[in-house]
Amino acid sequence: MSMNNAVILGPIFFPLAGVIICLLLARSNRIQRYAGLAAMIAAWLCSLAVLTAVFDQGVQVYRVGGYSPPYGIALAVDLLNGLFGVMAATVMTAGALYVVGSKDKCANYPAFMPLMLGMATGLAGAFYTGDIFTLFVFVEVMVMSSVGLTAISDNKLGLEAAIKYLLISAMGSLFLLLGIGAIYASFGTLNLADIARALETGERPLLAQVAALMLMCAFLLKSAVFPFHFWQPDFHTTSPTAVSAMLSSVVVKVGVYGLIRLTTLLFIPESQLLRLALLALGIIGVFFGGLGAFRTHDAKRMLAYSTFGQIGFILVGIGWGTPLALAAAIIYAMNHAFIKSALLMLTGAVASRLTSKSAALAQLQGVGVEMKGVSLLYFIGGLALSGVPPLNGFISKLALVQGGIGAESWIALGLAVGGGILTLMYMMRTWQYVFQAEPEAEVNFRPYGDSLIAPAILIGLCVVLGVYATPLVSAAQMAAAQLGDPNVYITAVLGG
Amino acid sequence: MNAIFAIVTGILFGLGVYLLLRRDLVKTAMGYYVLFTAINLFFLAVGVFDGEAAPYVGEQGQPSDPLVQALLLTAIVISFGTYALLLGMINVASRRFGTIDSDDVDHLRR
């Protein structure tokens, strides 16, 4: 049984402490922004330390308050959520860096940085917790922060999107809570490992089967997958740039994480059926997202639709469910987070030059002609998203194709690859529109805009992860191998 | 006792869904809160043992399940916070868009 590793608390504690410190510093917006960035960097370092510890010593557990599970709450990190935690902390740190250089009016509000950090707290907590009720609480923290951030957006319609999302997300939370209640009624425990152990015995009360479906619906809603998707483009496009970059890249991954846990740790015998559903929904998502992205007239909205497609690819990986395909899903999820957040930041940086701050293609046409640097970064990002070598998007597509060959699911494989071509088409269309086309008669834009450091770092990361992909790929494969044997997780948390 | 819980949860669930589907956004928010109350009652009913006494050491009789009560408190706080945030945003929306009819608050679709 491993020792208590208090470093796991870091990625949750530092942003939470940052919320309080930032509120105390509310008088000076500048210091507040830097304090938020410092808190995120501390969280990022902790998440890296946790992942290293998992590599060296196996699954890491922290028993909150010293009570041993299943009676106390435990934070448990294996390779899967270790990797997801690093992904979340990396992207959130880049987001905080973007806020430091942001010219958005709403970034001056004293509540902006605390809410960002609240989102990071909820995200890290949702990934790291080993207790299903704590998962619900952290997801709520994340949802409330992101709703607040969207409601105060410079875009007046952000409020409308925030109301819609809060209502829909509240429904998702209700079902999550109902599922949790059903699980508690069936097994009398809320600890993920303990539930998994109870389910392993093959005991299946009727309520537990209902719980599987409810949890799946709740997670699908959090990831904005096909039947529960309608809120996502509105919510992701009206929020401030720094926030929409977080929402579309890491926040949607909470649902993906939940689905992986649901099919590999909890409901393993039922996972055949769940996976079939995920595969079908994934393929629908790939095409719906790709085609939807084509008919949008807004650069940010296009990226939001593209998220449907990319989440679809990840679901296809989870749906195949072989170790190779699961590894592909993990690689895909991480790479997509970096690419999508970078692209949304770049789009926002271009839009921030306009007085209207609108990302509508009609207004953005030709705005980027003079901005050679942004144009290059966006081009690289677009290629990475569509999976062109030597960028990281290619690695994820390659891993997925290998997974598909391993799973011998030829039709799905063909469809998934075909869907990838759509990505290239809509990304390049927008790139040409914004950075290559002649500006329409009179375009008034300012010579300065949001800082480009954060997206440049993320694009750099995309290139590095493409050229030097071995560490991530082997880590994901080890994570998938670990998922193949749920007893590793269960014994680490509960002991012998 | 369980029958009463089941019936009341069912009634509250029905009421909540009915309110949630109203066009008036304030009623929608109220529907959400009623639904959450229904879930809270459901949670109270799923305690692993049927107890009558308070869960203290030294109390006589079968103790009730303290865990569901702790969870319930958390859930109530969260639902209340969400409800307050929702009502606050609807308040601002009523001034910004001049209406609280959900059919008219659809500028993003136009």
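In what follows, chains are A, B, ... by sequence order, proteins preceding strands, each numbered from 1. Values reported hereafter were calculated over all heavy atoms of this structure, with side chains retained and with hydrogens, waters and symmetry mates removed.
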May I ask you to check whether over 12 heavy atoms, not counting those of A:Phe294, lie within 6.0 Å of atom CZ? yes
Under 4.5 Å from any heavy atom of chain A - which part of B:Phe36: both
With a 4.5 angstrom heavy-atom cut-off, which part of A:Thr238 approaches chain B: side chain, backbone, both or neither? side chain
For chain A, find its close neighbours in residues 82-101 of chain B: heavy-atom separation under 4.5 Å, sorted by number, or none. B:Thr82, B:Leu85, B:Leu86, B:Met89, B:Ile90, B:Val92, B:Ala93, B:Arg96, B:Phe97
State, with a plain yes or no, whether a side-chain heavy atom of A:Met302 is found less than 4.5 Å away from one of A:Thr347. no
Supply the atom-to-atom distance A:Thr134 OG1 to A:Leu190 CG, rounded to the nearest 0.5 angstrom. 8.0 Å
Neighbour count above 12 (heavy atom, 6.0 Å) for A:Tyr71 OH: no
Do the rings of A:Phe308 and A:Tyr305 sit parallel, tilted or perpendicular, given the 30° and 60° boundaries? perpendicular
Describe, in one word, how the ring planes of A:Tyr165 and A:Trp231 are oriented to each other, choosing from parallel (under 30°), tilted (30 to 60°) and perpendicular (over 60°). tilted
Contact between A:Ile73 and A:Tyr67 at the side-chain level, heavy atoms closer than 4.5 Å - yes or no? no
